[in-house]
Every structure is written in C-alpha cells, then in structure tokens.
Amino acid sequence: MAESFHKPNAIIFGGLNTYSRALAALLVPLDGKPLVSNLRIVDKFSVAPPTTYIGAEFPKILAQPQVEYRQVNLTVASAVASSFDPPDGVTPYDYVFDFTGEVRHDRTEMIQINSTCNVARMIGLEAAKRKVKAYARVQHPFYETSSSNKASHDEKEDAKPVGTLGIWWHETLRILATIEDLNLIVLRIGFAYGPYTNYGIIASGITVGSVYGYLKKPMKSVWSPGKNPNNTIHIDDVAGALWACAEWMAPLGRKAANSLAGEEIIFHNEKKKVKEVEGMPAYNTKLIAPLFNLVDESNSTLLSIGQVVTSFFGTTFEFFNLVESTVLKLADDSVEDINEAHVSGWVDMIQTSHPPIPNTPLSAYMDKYALDKHTVAFNSNKIKEVVGYHLKKPHFNHETVKEMVDKWKDEGSWPNLD
Ligand SMILES: *[C@@H]1O[C@H](CO)[C@@H](O)[C@H](O)[C@H]1NC(C)=O
Ligand SMILES: *[C@@H]1O[C@H](CO)[C@@H](O)[C@H](O)[C@H]1NC(C)=O
C-alpha cells in the first residue's frame with residue numbers, strides 16, 4: 001500500500017541562471033503540496049552567497065527540508081555520476097530535468113562543445129545507466145523557423161539552428177537521442193519570461209521599454225514590421241510542461257514514447273566535426289526522440305511584444321525609417337549607438353529611485369543577439385494533444401509584465417520612481 005503513495009523524486013541539473021528556479025517552485029511550492037518527495041538541484045553556481053541572480057523567492061525554496069542544493073562542476077564525469085547517488089534512505093531518482101548548457105551567445109565553439117554537448121551527454125549516459133523514468137531536456141529557441149504563414153511550425157518543420165550556440169545546442173539533442181535507454185523528452189520552448197528571470201530578450205525588452213517610458217520617447221526597432229514571429233512562453237508553463245512530460249514518459253518508456261511522439265532530429269552541422277567531437281553521431285544516422293514545442297497563445301511577434309511592453313510603460317513602439325535603419329545596420333558600432341540612448345536613462349532611473357537600488361541584476365544594455373532579428377514561430381498543438389498539457393499563462397500581456405516588474409520592485413531590483 002505504501003508504494004502507491006510514493007511520490008517521485010527528482011534532480012534538476014543547471015538552469016539557475018535561466019528557468020530552473022521556476023520548476024523548483026512548482027515541485028516544492030512554498031504554499032501547497034509538493035509534487036516530489038525529494039528534490040536535488042545541481043548547478044555550477046554557489047547559492048550562498050549567490051554567484052548568479054537567483055531572486056528573492058528561491059532561497060526560501062531551498063530552505064525546505066526536502067530540497068538539497070549541490071554546487072558541482074558538471075564538466076567532471078565523476079561529479080556528474082555522484083550527483084545521482086541519493087541521500088541515505090531515499091530511493092533512486094525517478095526524474096531528471098536537464099537545463100544545462102552555455103546560453104551566452106558570445107562563447108566559442110570549444111566552450112559550447114565542452115559545456116553544452118559534453119555535459120548533457122555525461123548526464124544523459126548516467127541517467128540511462130541509473131534507469132531514470134524520465135529525462136526532460138529544455139531546448140531554447142536558438143532557431144530560425146520559416147517566416148511564411150503557410151508553414152506548419154510544428155515539430156516536423158525543419159527549423160534551422162542559429163549561430164554557434166544554436167548548432168551545438170541542436171547537436172546536443174542528437175547526442176542525447178543516440179542513448180537508446182534514455183527516457184528522453186525534449187521540450188523546445190519559445191522566448192521565455194517570468195518573475196525573477198533576468199535572462200532572455202523579453203526581460204531585456206521590458207527593462208529597455210521602461211527607459212523609453214521614463215524618457216517619454218518612442219522605443220524604436222531597426223527591423224521593419226512584418227513577419228518577425230518571436231513566440232513567447234511564461235516560465236510557469238516551462239515548468240508545468242516539463243512536469244507533465246515527465247509524468248507522461250514515466251509509464252511509457254522511450255520506445256513507446258518514440259512511437260507516439262518521436263521526431264527526427266535532423267543533422268545541421270559540419271560533417272567533419274563528427275570525428276572531432278566525442279559521442280557525436282554520424283551525419284547520416286537517423287535519430288528519433290520525443291520532441292514537443294511549447295509556446296503560448298499570443299502568437300507574439302517583435303511588434304506585438306514591443307507594443308505590449310511600451311504601452312505598459314506609457315510610450316509607443318515604432319520603427320526607424322529605411323535610411324536610419326540602413327545606417328544603423330551598416331555601422332560597425334551600431335550596437336553601441338543603439339544602446340547609448342537607453343543605458344544612461346536606466347542609470348538615471350536607478351540613481352533617482354526611492355528607496356535607492358544599490359544592486360540590480362537588470363541591465364538596459366542590449367547585446368548583439370538581443371538586437372538581432374529573430375524568426376521563431378512554433379506550433380504547440382502536439383503537447384496539448386499528446387500529453388494533455390494546458391497552459392497556465394497563455395498570454396503575454398500587461399498582467400504578465402506587471403507580475404515581473406512588481407516582484408522586482410518588491411525585492412529592490414527595480415527602480416521606484418513614484
Ligand atoms: C571544472 O572542471 C574542469 C575539468 O577538470 C576544469 O578545467 C575547470 O577549471 C573546472 N571549473 C571550475 C569552475 O572549477
Ligand atoms: C574543452 O575540453 C578539452 C578536453 O577536455 C580541453 O582540452 C579544453 O581545454 C577545453 N576547452 C575549453 C575552452 O573549456
């Protein structure tokens with residue numbers, strides 16, 4: 001009888017700097033019943049004192065008795081293996097949530113291979129060896145999809161990985177897919193946003209939008225309005241969908257899951273790399289893994305996100321005219337030119353805040369990636385139909401922006417100018 005009351009236990013690897021804290025908050029909520037009996041979180045960062053921004057809520061999650069945090073160098077195989085040894089009296093881990101990987105766009109190929117591919121491969125191999133029931137991997141929207149409205153945007157569309165980062169994150173999926181005994185599910189998300197999350201282009205857009213509101217000037221983009229889908233997703237849904245995927249996978253196993261939801265993970269790399277990278281499958285190996293897209297129902301585009309954010313801060317979203325944007329795109333230091341206007345505005349806001357803001361994890365500096373044109377449109381019908389997942393926050397709107405800003409204000413990360 002006792003067995004039927006057994007709640008699964010779980011390990012989260014990586015992602016403190018992105019979205020894993022939202023999953024921890026779902027698994028062991030501060031108010032409400034935990035979904036797991038035991039949660040271990042493993043990442044390279046220190047949490048006390050924090051060496052990355054973790055927000056005001058996460059230390060309270062960590063303080064709960066069934067939660068354990070381990071600072072581990074995940075590039076070391078033995079450290080990965082011992083991360084799976086449960087504490088005394090605890091059963092082996094049932095679920096693994098993999099948020100690992102280097103998310104910075106300015107990192108070299110070698111760093112991507114070591115920190116994204118190799119780390120995930122070691123965790124995946126160990127998870128297969130330990131027979132974990134579900135291994136859910138988060139895949140960021142480092143892709144370019146078709147901008148045509150006629151395209152399906154479903155999991156069968158051959159989305160092109162963008163840049164060094166995109167190529168190696170995508171390769172990581174192929175590497176994981178080769179591990180036959182791994183109960184792998186890939187959750188491919190849109191541009192995620194939510195409370196206590198400073199990572200990503202949406203957080204950046206919100207910060208910069210607030211500056212233009214403060215300056216009472218329009219916020220302008222160099223990318224003319226048109227087909228620039230930038231599909232979004234709330235971090236509560238990233239967390240909710242990961243959990244739903246794990247619960248879906250556990251009774252099925254990989255083979256059955258592949259036949260219900262398997263997709264070919266298409267080769268998008270240079271053939272010569274196969275010899276250079278350990279564990280990288282040959283270009284012509286057909287690799288299948290269960291893959292689900294996850295975006296909200298806003299059909300967000302650059303324009304719609306810009307309009308939601310700027311109207312929230314009392315200004316407007318506009319586009320540079322053709323001459324202005326051509327000049328900006330051609331200039332070597334266009335990133336600096338564009339940033340000049342709002343970075344000093346943000347500093348001004350921080351300095352005039354009451355109470356003062358001694359430290360903020362938020363920056364109004366937009367790097368080249370944040371300023372680049374993105375074309376990401378995914379259709380997430382499949383996860384709704386196959387897994388039965390229902391979105392909790394289907395719309396990117398004033399309410400969801402307010403939720404973020406209010407929580408940053410409460411913890412003293414956001415200027416208070418009232
Ligand atoms: C992690 O381990 C690798 C391999 O041993 C080492 O090169 C690297 O410096 C370590 N990183 C840290 C932050 O200690
Ligand atoms: C990547 O890993 C290889 C092999 O372990 C090591 O020789 C190299 O120094 C690492 N490079 C970086 C940039 O971490």
Side-chain angles (χ1 to χ4, degrees), residues 11-21 24 40-55 58-59 62 67-85 93 96-130 135 137-140 142 161-179 182 197-199 265 267-283 285 359 361 363 367-369:
I11 315 185
I12 298 176
F13 284 99
L16 277 200
N17 54 336
T18 59
Y19 315 127
S20 69
R21 289 172 284 121
R40 174 176 289 166
I41 304 170
V42 180
D43 206 337
K44 65 183 173 191
F45 302 104
S46 156
V47 291
T51 50
T52 187
Y53 168 68
I54 56 172
F58 189 61
L62 292 180
V67 185
E68 178 200 3
Y69 183 78
R70 286 194 179 187
Q71 183 180 6
V72 170
N73 183 342
L74 291 171
T75 64
V76 179
S78 59
V80 169
S82 63
S83 298
F84 283 79
D85 295 335
Y93 288 98
V96 168
F97 298 98
D98 176 11
F99 289 79
T100 62
E102 176 55 63
V103 292
R104 287 189 52 166
H105 296 265
D106 53 358
R107 295 305 199 212
T108 61
E109 178 170 76
M110 183 55 94
I111 293 179
Q112 279 301 336
I113 293 169
N114 285 6
S115 326
T116 306
C117 301
N118 288 351
V119 167
R121 178 166 173 266
M122 286 193 287
I123 301 172
L125 287 170
E126 190 65 30
K129 196 168 135 195
R130 308 259 181 163
Y135 181 101
R137 164 88 181 165
V138 176
Q139 172 66 41
H140 294 271
F142 304 143
V162 175
T164 304
L165 175 85
I167 286 169
W168 291 103
W169 271 76
H170 181 78
E171 195 60 56
T172 301
L173 301 185
R174 287 178 46 86
I175 291 169
L176 287 172
T178 61
I179 309 172
L182 182 64
T197 302
N198 65 341
Y199 171 75
I265 316 289
F267 186 77
H268 274 291
N269 213 323
E270 290 172 64
K271 289 179 189 170
K272 67 171 202 264
K273 298 286 176 190
V274 174
K275 282 202 294 289
E276 297 166 23
V277 178
E278 205 189 338
M280 182 170 160
Y283 75 94
T285 311
N359 279 302
S363 163
D367 63 14
K368 188 176 173 310
Y369 179 80

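We count ligands from 1, going down the list as the structure has it; atoms in each ligand are counted the same way.
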Between Lys273 and Glu171, is there a side-chain N and carboxylate O pair less than 4.0 Å apart? no
Quick test of your reading of the model: are Asp85 and Arg130 salt-bridged, counting only N-O distances below 4.0 Å? yes
With atoms numbered from 1 as shown, which atoms in ligand 2 lie under 4.0 angstrom from a non-hydrogen atom of [X]?
| X | answer |
| --- | --- |
| Asn114 | 1 (C), 2 (O), 3 (C), 8 (C), 10 (C), 11 (N), 12 (C), 14 (O) |
| Met110 | 1 (C), 11 (N), 12 (C), 13 (C) |
| Ile111 | 13 (C) |

Can you check whether a protein heavy atom sits less than 4.0 angstrom from [atom]?
| atom | result |
| --- | --- |
| atom 14 (O) of ligand 2 | yes |
| atom 10 (C) of ligand 2 | yes |
| atom 2 (O) of ligand 1 | yes |

Measuring from Ile41:CD1 to Ser83:OG, what's the distance to the nearest 0.5 Å? 12.5 Å
How long is the straight-line distance from CG of Leu176 back to CZ of Arg137, given to the nearest 0.5 Å? 6.0 Å
Aromatic ring proximity, centroids under 6.0 angstrom, Phe84 and Phe13: yes
Give the residue, atom name and distance (to 0.1 Å) of the protein heavy atom nearest atom 5 (O) of ligand 1. Val76 CG2, 4.0 Å
Under 3.5 Å, is there a donor-acceptor pair between the Asp98 and Tyr135 side chains? yes
Could you label the plane-to-plane angle of the Trp169 and His140 rings as parallel, tilted or perpendicular, counting under 30° as parallel and over 60° as perpendicular? perpendicular
With a cut-off of 4.0 Å, which atoms of ligand 1 are near a heavy atom of Thr75? 1 (C), 2 (O), 3 (C), 4 (C)
Look at atom 6 (C) of ligand 1 and find which of Asn73, Leu74, Val72 reaches it with the closest heavy atom. Asn73
